[in-house]
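Here's the structure, in structure tokens; my notes come after.
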2 protein chains.
Amino acid sequence: MFELSQVRCFVAVAEELHFGRAAARLNMTQPPLSRQIQILERILGVKLLQRGNRLVRPTPAGQSFLTEARLILKLTESAALLARRVADGKAGSVNIGFTAASSYSYVPELVAACRQQLPDVELILKEMVSGDQLKRLGAGEIDIGLLRPPIPRSGLQFFRVKAERMIAAVPAGHKLAAAATIDLADLAAEPFITYAPYEARYFHDLLVELFSRAALAPVYVQHLAQIHSILAIVQAGVGVALVPEAAEKLQFKGVALRPLADDQQRAAELYFVWRDDNDNPLLPVIAAIARDLAGRAFSSEVDTGSR
Amino acid sequence: MFELSQVRCFVAVAEELHFGRAAARLNMTQPPLSRQIQILERILGVKLLQRGNRLVRPTPAGQSFLTEARLILKLTESAALLARRVADGKAGSVNIGFTAASSYSYVPELVAACRQQLPDVELILKEMVSGDQLKRLGAGEIDIGLLRPPIPRSGLQFFRVKAERMIAAVPAGHKLAAAATIDLADLAAEPFITYAPYEARYFHDLLVELFSRAALAPVYVQHLAQIHSILAIVQAGVGVALVPEAAEKLQFKGVALRPLADDQQRAAELYFVWRDDNDNPLLPVIAAIARDLAGRAFSSEVDTGSR
DNA sequence: TGGTCCGATACCAATTTTGGATCAAATCGC
DNA sequence: GCGATTTGATCCAAAATTGGTATCGGACCA
């Protein structure tokens, strides 16, 4: 098969319509240029240029090949450029796993920030529970996980991007909805909707620990994995629940969301996790964006707290 | 800039994920393969492959480059293939000039036949009068002319593709429309619409000769270049005219078309013309199609005549 | 008909490429 | 653990390719 140098030779001659000038443009002498064109023609089995004694002009096949040749050269250049951009972390793609809950609160901001700062980067988002994310991280199927603790030490790096309060969700007309804050003991006295022990293990364990520390034992009437399912059940009047603050973004009608009493507050943490041997050049770039976003989130959280 | 052989090397390694196997696939040994990859990486300034001791895998930049590389290789192959097809007269494009009149009778059949037999060929059709076609043929701006005599000998080849009778056009209600055939003398007695001496020189000269031979001198009331314009004027009752038989295809309401008396008939000829030094491989192919079409047209004409 | 322009050819020198041998590192099996 | 094996990298001599100089041959021009 032919070589790119030959294609460049041909394009030069076809554009100059003159071997001598084309050779000059290619920084070479005329004889080797003639030879390269001949070789190209022999490889293709097609005469590309009609050499009259005073003029050179492309044959119809040469004309057609010229069009393609220009395209090929353009493509090679853009391929090289793209590879460099990817290596520089300015283009490419990253697979990101995220939990359903984070899609309400953190993922949208992260995606927006990336789109703005890295317009040529493709973010491939895959919703999955934290456990699956850890598995996929290990297998190299996702580059980044946005997940809940616990995080095993083995070859993973991570930092916290979010810590959001758990707040109570009660039916809108419920007597507890009347107060600005809700006491954990009052909540535990109601029929309680909680999280599925595997699919939403983090929240499940969080609540178990929260209640046992407070020496409370609520009556669990339902286990669910998704926050929006829980809110729907609360709305239906089946019981009350504790959900992360991000649930406010869902704007669920008929459900009142109230913070817990100050001394009972508990934060649900979200971590940005990656394999430390992941060589995707986008990783440090996106990690920096994520860290920056998290920093701003925490400082604004402090603001909110101080009000 | 890099070479296609290096791209092929890289694709092989990226697909096999193994230098040895890739080398075997490329019919070479492993050391030069390793080196070609290194050279490619140095040219791009980007590490494309991560060599672990038991595994090779593409870096993100390599992954992106792999996609582009496959595209480049595919394009080179298709470019070579296309060039060969053009050289074989199976693809490509031809510029064809044609007279307005031929667009009613011959061009549609020719285009249809080409589309069917040469689906990958682009026919670029340009309407122009015969004189312009000869000029453009000389300048190489069209490959084929479909035009009227006279044709100069200088470096042109040609053959006749059509000879169509001239027929009389009279307003539908006109007294001459009553007869099945019209006598030239009767026609010449009417106000006569004829052809512009330059733009439609062939028809102009044809009529001049026809009438002078018959020792007739019609009163010319209007000169026009286009057949449909002439028919429109005839329809308006301004006068009568002689038009090529193909005018029947126009289906002009309010105009009666009648053949001349048998001994007065006169044929308008259409020729397929090209420069004998034109190297477009499509030329012989399309000429053959045109000749075939002309042959069938003439034989069917003989049929009509024998009835 | 000689001069000039232009691409092709012949031949030569330099570089590049090739592939065998070898090396170094790491994994696997016993 | 410790060789045996696998895998990519490196070294080196031979071969091929490439580019350059000189020259040729044909065509147009004066």
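So you know, we letter chains A, B, ... as the sequences are listed, proteins then strands, and number each from 1.
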> Of A:Lys90, A:Arg115, A:Arg85, which is the lone residue that meets salt bridge (Lys or Arg N to Asp or Glu O under 4.0 Å) with A:Asp120?
Replying inline: A:Arg85
> Which nucleotide of DNA chain D is the first, and which the last, in the 5' to 3' direction, to come under 4.0 Å of a heavy atom belonging to chain A?
Replying inline: D:dT18 to D:dA27
>> Could you tell me how far apart A:Met28 (CE) and C:dA14 (P) are, to the nearest whole angstrom?
In response: 18 Å
>> Tell me which pairs pass ring pair (Phe, Tyr, Trp, His ring centres under 6.0 Å) where either residue lies in residues 9-67 of chain A, with sequence neighbours left out.
In response: A:Phe2-A:Phe65, A:Phe10-A:Phe65
> Which residues pass the ring pair (Phe, Tyr, Trp, His ring centres under 6.0 Å) test with A:Tyr202, sequence neighbours left out?
Replying inline: none
> How does protein reach along nucleotides 3-10 of chain C, written 5' to 3' as B (base within reach of a heavy atom under 4.0 Å), S (only sugar-phosphate), or - (no contact)?
Replying inline: --BSBBB-
>> Using the side-chain contact (heavy atoms from CB on, under 4.5 Å) criterion, which residues pair with B:Leu75? Sequence neighbours excluded.
In response: A:Glu68, A:Leu71, A:Ile72, A:Leu75, B:Ser78
> Taking only residues two or more places apart in sequence or in another chain, which ones pass side-chain contact (heavy atoms from CB on, under 4.5 Å) with B:Pro119?
Replying inline: none
>> Does the Lys NZ or Arg CZ of A:Arg148 fall within the cation-pi geometry relative to A:Tyr271 - under 6.0 Å from the ring centre and within 45° of the axis?
In response: no
>> With a sphere of 6.0 Å drawn around CZ of A:Arg201, does it hold more than 12 non-hydrogen atoms of other residues, nucleotides or ligands?
In response: no
>> What I want to check is whether the side chains of A:Ser34 and A:Gln38 have a donor and an acceptor closer together than 3.5 Å.
In response: no
